[in-house]
There are 2 protein chains.
Amino acid sequence: MTKRSYNQYCGLAVALDLLGERWTMLVLRELLLGPRRFKDLLDGLPGIGTGLLSQRLKELEAAGVIDKATLPPPAGSNVYRLTEDGESLRPVLLGLTRWGMTRLGTPEADQYISSETLAVAVAARFNPATAHDAAGTHRLDIDARPFLLDIANGQVSVRAGEADRPVVSISTDSGSLIALINGTRTLADSLAEGFIAIDGDPAAIMALARAFDLAASEPE
Amino acid sequence: MTKRSYNQYCGLAVALDLLGERWTMLVLRELLLGPRRFKDLLDGLPGIGTGLLSQRLKELEAAGVIDKATLPPPAGSNVYRLTEDGESLRPVLLGLTRWGMTRLGTPEADQYISSETLAVAVAARFNPATAHDAAGTHRLDIDARPFLLDIANGQVSVRAGEADRPVVSISTDSGSLIALINGTRTLADSLAEGFIAIDGDPAAIMALARAFDLAASEPE
DNA sequence: CCGAATCCGGCATGATACTG
DNA sequence: CAGTATCATGCCGGATTCGG
């Protein structure tokens, strides 16, 4: 039984033959943050079901977009991670994310929200044109989960994990981050009222705010 | 009966709720080239069926990504076209196309090929970093169908139609263009053996070749 | 010719149960 | 925890039909 295909000699059609099935790109979104176990993926994709996730992972692995690795002892568990080819989808996925974010209002009561998707959302807001002086590794904690933002060569990449010696450290919770992202609350207010804590060199902080288009009202 | 949704507060999930269903992005690919009638879309998307195309168009129109217009008399027919919001998907769709093109070998016998998808493929190859001096409107004829390539501000956009006074005019057929794109035949050979005809200012031609990464072996 | 509605067989998906 | 097996449901693909 052969997989269904658009059967067109067209880059987009071929990309969609592979990535266009339900859940596939969301699986890759999860992997943008780093290697993930089966269970981690299930948790981040409510509704997918084990069978379908298993099938998607096999398809992606067969296509060379992800691979499977066994963690060294004592962990010993399997993780899935992006290959170099999969990694090259990062700007494309962030581009789609950015497009979708414009039609993202305030969260509905029944909508799934995770610190992971918010971390990706932050990365999608990154604007290379205003990124001067924002280079380096920064730390972002959302609901006490640590992420690191790597900015180099005018590009950003987010990962789960703790930064070694971050240039800037930011700490907040989902609700406050959402309020900041959709413009309900300014950065200045967020800081003043204690919804967000930022630590680091003032100049670097300003540069970061600019790089993510959050400098509407400047933090002091 | 309500449309199915990932129901996540995430830009990518929202984008895929709308664009992730089967055929949707390929419909938009067709519209990248300009307004299209229902029948044109059917022809460019073999296998879709009238019902599903009709449904997709309604979904996209409801979401404000496309709109429907009635051509002035005597044509009087309906056309579908991208709204400004839909137009902003152009770089995203071209990015996915570029990613997919790398796994596009030589055409299979039963694969659908059209001058339209090839025109999009050409645009997807555009490299802003090497685009100096390639600005302007150029004409590209594929299998006698005219397209125009607009290059401005380091960005490219393709449309169906005839350019007024093109800076450079290129004329070729699908097979020759495919051979050029996938590296089977160099630009120099294509010209020497008459598979491609190019007309225009030599400096502009060179700039174009560079902008599309085709200058491996230089013409002349 | 344009566009949409309908019916139907088959496959993809979603949920749960089950095994190592 | 990491998947496989199973089954009900609903989406998709193809054909046909129908009104403008």
Side-chain angles (χ1 to χ4, degrees), chain A residues 1-8 13 16-27 30-31 35-63 66-81 110 112, chain B residues 1-8 13 16-27 30-31 35-62 66-81 110-112:
Chain A
M1 86 151 235
T2 168
K3 200 171 138 29
R4 84 175 159 181
S5 160
Y6 291 114
N7 205 33
Q8 298 194 3
L16 292 175
D17 278 342
L18 181 55
L19 309 176
E21 303 293 321
R22 195 158 171 79
W23 294 107
T24 306
M25 292 202 209
L26 292 183
V27 170
E30 294 292 307
L31 294 179
R36 285 286 180 271
R37 291 172 304 173
F38 193 88
K39 180 59 156 52
D40 301 328
L41 296 172
L42 270 185
D43 291 344
L45 303 167
I48 190 177
T50 57
L52 195 50
L53 176 56
S54 175
Q55 181 185 331
R56 291 290 179 265
L57 290 170
K58 273 201 266 279
E59 291 163 0
L60 289 171
E61 190 181 358
I66 67 173
D67 63 6
K68 197 193 295 201
T70 303
L71 292 184
S77 56
N78 285 336
V79 292
Y80 298 89
R81 55 185 185 186
D110 61 345
Y112 172 80
Chain B
M1 86 153 233
T2 167
K3 200 170 139 26
R4 82 176 160 182
S5 160
Y6 291 113
N7 206 32
Q8 298 193 3
L16 291 175
D17 278 341
L18 181 56
L19 309 177
E21 302 294 321
R22 195 158 172 78
W23 294 107
T24 306
M25 292 203 210
L26 292 184
V27 170
E30 294 292 307
L31 294 179
R36 283 287 180 271
R37 290 171 306 174
F38 192 87
K39 181 59 157 49
D40 300 328
L41 296 173
L42 270 185
D43 291 344
L45 303 168
I48 191 177
T50 59
L52 196 51
L53 176 56
S54 175
Q55 182 185 331
R56 291 291 180 263
L57 290 170
K58 271 199 270 278
E59 292 163 0
L60 288 171
E61 190 181 358
I66 67 173
D67 63 6
K68 196 193 295 201
T70 304
L71 292 184
S77 57
N78 285 334
V79 293
Y80 298 89
R81 54 185 186 186
D110 61 344
Q111 269 185 321
Y112 173 80

Notebook entry, point to check: With respect to the phosphate group of dG3(D), does any side-chain polar atom (N or O) of Tyr80(A) fall under 4.0 Å of OP1 or OP2?
Noted result: yes
Notebook entry, point to check: Asp17(B) and Asn7(B): which non-hydrogen atoms are nearest, and at how many Å?
Noted result: OD2-N, 4.1 Å
Checklist line | Short side-chain N/O contact from Lys39(A) to OP1 or OP2 of dC1(D), under 4.0 Å | finding: yes
Checklist line | Closest to the Arg37(B) side chain, choosing from dG3(D), dA2(D), dC2(C) | finding: dC2(C)
Check: Can you check the Gln55(A) CD to dT13(C) P distance for me, whole Å?
Finding: 7 Å
Notebook entry, point to check: Does some side-chain heavy atom of Leu18(A) sit less than 4.5 Å from a side-chain heavy atom of Thr24(A)?
Noted result: no
Check: At what distance, to the nearest 0.5 angstrom, does NZ of Lys68(B) lie from CG of Leu60(B)?
Finding: 12.5 Å
Notebook entry, point to check: Short question: side chain of Tyr112(B), backbone of Tyr6(A) - any donor-acceptor pair under 3.5 Å?
Noted result: no
Notebook entry, point to check: Rounding to a whole Å, what distance do you find between Leu52(B):CG and dT6(C):P?
Noted result: 16 Å
Checklist line | For atom CG of Leu53(A) and atom C1' of dT13(C), their distance in whole Å | finding: 13 Å
Note to self: It should be established whether Arg22(A) places a side-chain nitrogen or oxygen under 4.0 Å from OP1 or OP2 of nucleotide dC11(D).
What the structure shows: no
Next item on the list: Please report, rounded to the nearest Å, how far the P atom of dG3(D) is from the CD1 atom of Ile48(A).
Entry: 13 Å
Check: Closer to the 5' end of DNA chain C via nearest nucleotide, is it Lys68(B) or Glu21(A)?
Finding: Lys68(B)
Check: Starting at OH of Tyr6(B) and ending at C1' of dT13(C), how long is that distance when rounded to a whole Å?
Finding: 11 Å
Next item on the list: Check the distance between dC1(D)'s P and Leu42(A)'s CG and give it to me in whole angstrom.
Entry: 10 Å
Next item on the list: Enter the distance from Ser54(B):OG to Leu42(B):CG here, rounded to the nearest 0.5 Å.
Entry: 10.0 Å
Check: Rounding to a whole Å, what distance do you find between Leu41(A):CG and dC1(D):P?
Finding: 13 Å
Note to self: Ring-plane angle category for Phe38(B) and Tyr80(B), please: parallel below 30°, perpendicular beyond 60°, tilted otherwise.
What the structure shows: tilted
Note to self: Both Arg4(A) and Lys58(A) contact DNA chain D. Which one's nearest nucleotide lies toward the 5' end?
What the structure shows: Lys58(A)
Check: Is any side-chain N or O of Trp23(A) closer than 4.0 Å to OP1 or OP2 of dA12(C)?
Finding: no
Next item on the list: Using a cut-off of strictly less than 4.0 Å, decide whether Asn78(A) has a side-chain nitrogen or oxygen near OP1 or OP2 of dC1(D).
Entry: no
Note to self: Assess whether a salt bridge exists between Lys58(A) and Glu61(A), defined as any Lys/Arg side-chain N lying under 4.0 Å from an Asp/Glu carboxylate O.
What the structure shows: no
Next item on the list: Could you check whether Gly49(B) gets within reach of a base, just the sugar-phosphate, or nothing at all, counting any heavy atom under 4.0 Å?
Entry: nothing
Next item on the list: At under 4.0 Å between heavy atoms, which parts of nucleotides 5-10 of chain D does protein reach? Answer with one letter per nucleotide, 5' to 3': B base, S sugar-phosphate only, - none.
Entry: B-----
Check: What is the distance from NZ of Lys3(A) to P of dT13(C), rounded to the nearest Å?
Finding: 8 Å
Next item on the list: Looking only at non-hydrogen atoms, find the nearest pair between Leu31(B) and Arg36(B) and report the distance.
Entry: CD2-CB, 3.7 Å
Margin query: Check this one for me: any side-chain N or O of Arg56(B) less than 4.0 Å away from OP1 or OP2 of dC12(D)?
Written below: yes
